[in-house]
Amino acid sequence: MTPDDRDVLLIVDVQNDFCPGGALAVPDGDAIVPMVNRVASSFSHVILTQDWHPRGHASFASSHPGKRPFDAIEVSYGTQILWPDHCVQGTDGAGFHPKLDVPHAELVVRKGFRAAIDSYSAFRENDRRTPTGLAGYLRERGFERLTLCGLATDFCVAFSAIDGREAGFEVSVVTGACRAIDIEGSLAQAMRSMSEAGVNLRAE
């Protein structure tokens, strides 16, 4: 399929902290960058998402005495995995990977900037109620089909893809241009959940 003006590419969180050497490195996270650039070059319309946490964010293990990264706690909106401090606003770790080459990107959606709520999805925060405004933007621009790639498959990519389907868009994920954290089977679960939601999974 050749993308047209109904298609948009959503590049999820290709940021330094999610790449090797970063605070929350996804294994081989940087390996996707050439393919992401190649996929992006075929789209006229590209959107980037950017994790953008204030210091002391509630999802950071450091904000909870006695807790360690990857512990889970219960919060008002359910279970929250605690992470290392990452993608803190204004830091190098929050910046996009330096080899990400998408100068024609039209929008950057920042998420996770509310101190008390984590945010995996590009469409809504983890309370599942607070919208980012992306769905309205896509509709107003006339986009119908959404293709995703980026980091990490089993968290921000999967949540965004499933929410995109729920918002009424056709959604595909280029799995070859994604990498996963894979915590206790989270990748397999994410792939199942995306398939059940009607997301088209393709290698490239």
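- Here D163 pairs with R128 in a salt bridge; the nearest charged N to carboxylate O distance falls below 4.0 Å.
- In this structure, R6 CZ and E170 CD are separated by 8.0 Å, a value rounded to the nearest 0.5 Å.
- Remark: K111 does not engage E125 in a salt bridge, criterion side-chain N to carboxylate O under 4.0 Å.
- Connection of V174 to F43 is established within a shared hydrophobic cluster, with ILVMFWY side chains joined at heavy-atom distances below 4.5 Å, either directly or through further cluster members.
- Between D5 and H45, the side chains place a donor N or O and an acceptor N or O closer than 3.5 Å (distance only, hydrogens not considered).
- Using a 3.5 Å distance cut-off with no hydrogens or angles, the side chains of E74 and T79 do pair a donor with an acceptor.
- With values rounded to the nearest 0.5 angstrom, I47 atom CD1 is found 5.5 Å from L134 atom CG.
- Of all heavy-atom pairs spanning D17 and A23, the tightest one is OD1-N, 3.1 Å.
- Cluster annotation: L100 and L10 are assigned to distinct hydrophobic clusters (Ile/Leu/Val/Met/Phe/Trp/Tyr, side-chain heavy-atom contacts under 4.5 Å, transitive).
- D7 is not listed as a side-chain neighbour of F143, based on a closest heavy-atom distance of 4.5 Å or more.
- Panel note: side chain N37, backbone K99; a donor-acceptor pair is recorded below 3.5 Å.
- Ring-centre distance between H86 and F18: below the 6.0 Å cut-off.
- Looking only at side-chain heavy atoms (C-beta outward), L82 and F70 stay at 4.5 Å or farther from each other.
- A distance of 6.0 Å separates NE2 in H53 from SG in C87, rounded to the nearest 0.5 Å.
- Annotation: D92, atom CG; neighbour count of heavy atoms from other residues, nucleotides and ligands within 6.0 Å does not exceed 12.
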| said: Under the criterion side chain to side chain contact (heavy atoms under 4.5 Å, CB included), I'd like the reasoning laid out for R110 against T132: C-alpha separation, chi angles, the key distance, then a yes or no. | reply: CA-CA 8 Å; R110 286 177 165 168; T132 65; over 6 Å; no
| Could you walk me through whether N126 and S119 pass the side chain to side chain donor-acceptor pair (under 3.5 Å) check? | CA-CA 5 Å; N126 284 8; S119 185; 5.1 Å; no
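- The pair D85-R55 does not meet the salt-bridge criterion, since no charged nitrogen lies less than 4.0 angstrom from a carboxylate oxygen.
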| message | Please determine whether side chain to side chain contact (heavy atoms under 4.5 Å, CB included) holds for the pair L151 and C19, giving the CA-CA distance in whole Å, both sets of side-chain angles, and the decisive distance to 0.1 Å. | response | CA-CA 9 Å; L151 304 169; C19 293; 4.2 Å; yes
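- Of the possible donor and acceptor atoms, one in the side chain of Q15 sits under 3.5 Å from a partner among the backbone N and O of A94.
- Looking at heavy atoms from C-beta onward, V102 lies out of side-chain contact with F96 at the 4.5 angstrom threshold.
- M35 and A177 make their closest contact through SD-N, 3.8 Å (heavy atoms, listed as atom of the first residue, atom of the second, distance).
- Scanning all heavy atoms of the two residues, the minimum distance from L201 to S195 falls at CD1-OG, 3.4 Å.
- No side-chain donor-acceptor contact under 3.5 Å links D13 and Q50.
- Nearest heavy atoms, V26 versus P20: O-CD, 4.3 Å.
- Looking at heavy atoms from C-beta onward, T153 lies in side-chain contact with L187 at the 4.5 angstrom threshold.
- Distance CZ/R145 to CG/N200: 12.0 Å, rounded to 0.5 Å.
- Side-chain contact check for T147 versus V8: every heavy-atom pair is 4.5 Å or farther apart.
- Note on I181 and I73: separate hydrophobic clusters, where clusters join Ile, Leu, Val, Met, Phe, Trp and Tyr whose side-chain heavy atoms are under 4.5 Å apart, directly or indirectly.
- Rounding to the nearest 0.5 Å places CZ of F123 at 12.0 Å from CD1 of I162.
- The shortest heavy-atom contact between P69 and A61 is N-CB, 3.5 Å.
- The cluster map of Ile, Leu, Val, Met, Phe, Trp and Tyr, joined by side-chain heavy atoms under 4.5 Å apart, puts L24 and I11 in the same cluster.
- Residues C149 and V173 are not in side-chain contact: their nearest non-hydrogen atoms beyond the backbone lie 4.5 Å or more apart.
- Between P3 and S42, the shortest heavy-atom contact is CG-O, 3.5 Å.
- Rounded to the nearest 0.5 angstrom, Q189 CD and I183 CD1 are separated by 13.5 Å.
- Using a distance-only test at 3.5 Å, with no hydrogens or angles considered, a donor-acceptor pair links the side chain of S160 to the main chain of A122.
- Side chain of R165 to backbone of F169: a donor-acceptor contact under 3.5 angstrom is found.
- Y120 and M194 end up in different hydrophobic clusters when Ile, Leu, Val, Met, Phe, Trp and Tyr side chains are linked at under 4.5 Å.
- Put simply, the side chain of L48 does not reach to within 4.5 Å of the side chain of V109, judged on heavy atoms.
- Annotation: side chain of S172 is not in contact with side chain of L146 (no heavy-atom distance under 4.5 Å).
- Note: F60 and H57 have tilted aromatic rings, judged against thresholds of 30 and 60 degrees for the angle between ring planes.
- E106 and R141 are joined by a salt bridge, as a carboxylate oxygen and a charged side-chain nitrogen come within less than 4.0 angstrom of each other.
- In summary, E144 and R139 do not engage in a salt bridge, as defined by a charged side-chain N under 4.0 Å from a carboxylate O.
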